[in-house]
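The block underneath contains the structure these notes are about, expressed in structure tokens.
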2 protein chains.
Amino acid sequence: MQFESDTRSRILSTARDLFHRRSYADVGIKEICDLAKVQKGSFYHFFPSKQDLASTVIDDMADDWAHGFVAEAFDQELPPLERLDYMVDAAYFWQKAAKDLEGRMPGCLFGNLALEISTRDDVLRAKLTSVFEKASEKFFETLEEAVTLGVMAPLDTAATATAMLAFLEGVILLAKTRNDPEVVRILGPAVQTIRIELPSPH
Amino acid sequence: MQFESDTRSRILSTARDLFHRRSYADVGIKEICDLAKVQKGSFYHFFPSKQDLASTVIDDMADDWAHGFVAEAFDQELPPLERLDYMVDAAYFWQKAAKDLEGRMPGCLFGNLALEISTRDDVLRAKLTSVFEKASEKFFETLEEAVTLGVMAPLDTAATATAMLAFLEGVILLAKTRNDPEVVRILGPAVQTIRIELPSPH
DNA sequence: AATATAGTTGACTGGTTGGTCAAGTCAACC
DNA sequence: GGTTGACTTGACCAACCAGTCAACTATATT
């Protein structure tokens, strides 16, 4: 037994790619197997069900994400407000690259899956909630630091962090609908203007 | 022949409801027919295909929407900034009502469909783009008025309008993922803080 | 060499999918 | 009373779906 069977990881990356470019319901296991050059039975040797595959895909992508450009964007070395710009830039370049390559803006895998399956599958919904939660925490830390450094007036950092994440998801949604990554570049930077004030004292 | 055949409108409202609560791919024509108490053949008498049904559902919902709470929220009588609050309130109450009734937050039908099918069907994607375009125009008019009245400092009204729409869609996406309409109530009002400045004259 | 186990193969199942169609019903009009 | 055309009926279809399975191979352990 290897660290990670080649077959398994081939299934995983193919599924991730197809789920991202199309949707959960629209991609069948047969198609995944064909593209990954794997037999049906082998698939079910590694994954008990399609739902379980989706669950693993989410974990897998969340991992890559956290160790990839999210880690880069939220680099502690960068001044806090620049991290927000970095995040927007990274989203723009990624979406643009995908569009240039395949003609279509795939959007955010997590956002896509969330809207598609969160009314049908509570297990996956919970998983996606926690992915968003973790992303929101990165924004939170960034805002806390910005406030501490005095580059941002005090505000409700927790709520604002979530609002910023929501904004980015919304921008990507709109950009995907227009199939135009430029939407991300134009609207994205406004993430810095979003503010939710602290509950007023007295 | 009536103004609108009862059968047709029964199919339409059933489909709209199911597509909204679940998804396009997850709802089959048989299920729509069963719930609408209509035979398969009758369905295909009125709609040439499932795609055409979806197209009609989008038009139908966009119409109801434009003449319903969007018309109310963007009422010319209201001060411009209050219209934004009204919009958020309306979204909150609608989502909350749906959740109280069925246990699930359905989110925004347009947003849901956009992420699910816009990489697969350009006809429907174009239709959704125009729905968002129209909504964005309402924000645009509101911002223009706010600037004219002097209650808002001059800014890039067109870009900000789209950004505000994106924000609301993102907030609803996150709320749906958490299955918690309160997210809309808490984050929604921050829509007023979003600003995209005019290109600097220098 | 014998055994155990991880991985692979591809045919198979029962159910569902979007969509078709020939045969019919019914009300309106000539 | 005959004809037209909108509407309805339900059986039917090929393709596809997620998932199963018994037989097989390859490798590692004893």
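Letters go in sequence order (proteins before strands), and every chain restarts at 1.
Ring pair Phe19(B)/Tyr24(B) is tilted by interplanar angle, where 30° to 60° counts as tilted. In this structure, Phe167(B) and Phe167(A) have tilted ring planes: the angle between them lies in the 30° to 60° band.
If you measure from atom NE2 of His45(B) to atom C1' of dA23(C), you get 16 Å, rounded to the nearest angstrom. When the C1' atom of dG18(C) is taken as reference, atom CD of Glu31(B) falls 14 Å away, rounded to whole Å. Between the CG atom of Asp34(B) and the P atom of dT16(C) there is a distance of 11 Å, given to the nearest Å. Rounded to whole Å, atom C1' of dG18(C) lies 16 Å from atom CD of Gln39(B). What separates NZ of Lys37(A) from C1' of dT9(C) is a distance of 17 Å, to the nearest Å.
The pair Asp6(A)-Arg10(A) counts as a salt bridge, with a side-chain nitrogen and a carboxylate oxygen less than 4.0 angstrom apart. A salt bridge between Asp121(A) and Arg125(A) is absent, with no side-chain N of the basic residue lying under 4.0 Å from a carboxylate O of the acidic one. The existence of a salt bridge linking Lys138(A) and Glu133(A) is excluded, since no basic side-chain nitrogen approaches an acidic carboxylate oxygen closer than 4.0 Å.
For Lys99(B), the NZ atom counts as densely surrounded, since its 6.0 Å shell holds more than 12 non-hydrogen atoms of other residues, nucleotides or ligands.
The phosphate of dT8(D) has OP1 or OP2 within less than 4.0 Å of a side-chain N or O from Thr7(B).
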Worksheet item: Which string of ( ) [ ] | and . matches DNA chain D, if you list each base 5' to 3' and count Watson-Crick or G-U pairs only when both distances are under 3.5 Å?
Response: ||||||||||||||||||||||||||||||
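Screening residues 131-158 of chain B for ring pair (Phe, Tyr, Trp, His ring centres under 6.0 Å), with sequence neighbours left out, gives Phe74(B)-Phe139(B).
Contact annotation: the side chain of Val151(A) never approaches that of Pro79(A) to less than 4.5 Å [non-hydrogen atoms, C-beta and beyond].
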Is there any protein nitrogen or oxygen under 3.5 Å from a nitrogen or oxygen in nucleotides 18-21 of chain D, and what are the pairs?
unit_1: dA18(D); atom_1: OP1; unit_2: Lys50(A); atom_2: NZ; d: 3.1
unit_1: dA18(D); atom_1: OP2; unit_2: Ile29(A); atom_2: N; d: 2.9
unit_1: dG19(D); atom_1: OP2; unit_2: Tyr44(A); atom_2: OH; d: 3.2
unit_1: dG19(D); atom_1: OP2; unit_2: Lys50(A); atom_2: N; d: 2.8
unit_1: dG19(D); atom_1: N7; unit_2: Lys40(A); atom_2: NZ; d: 3.1
unit_1: dG19(D); atom_1: O6; unit_2: Lys40(A); atom_2: NZ; d: 2.7

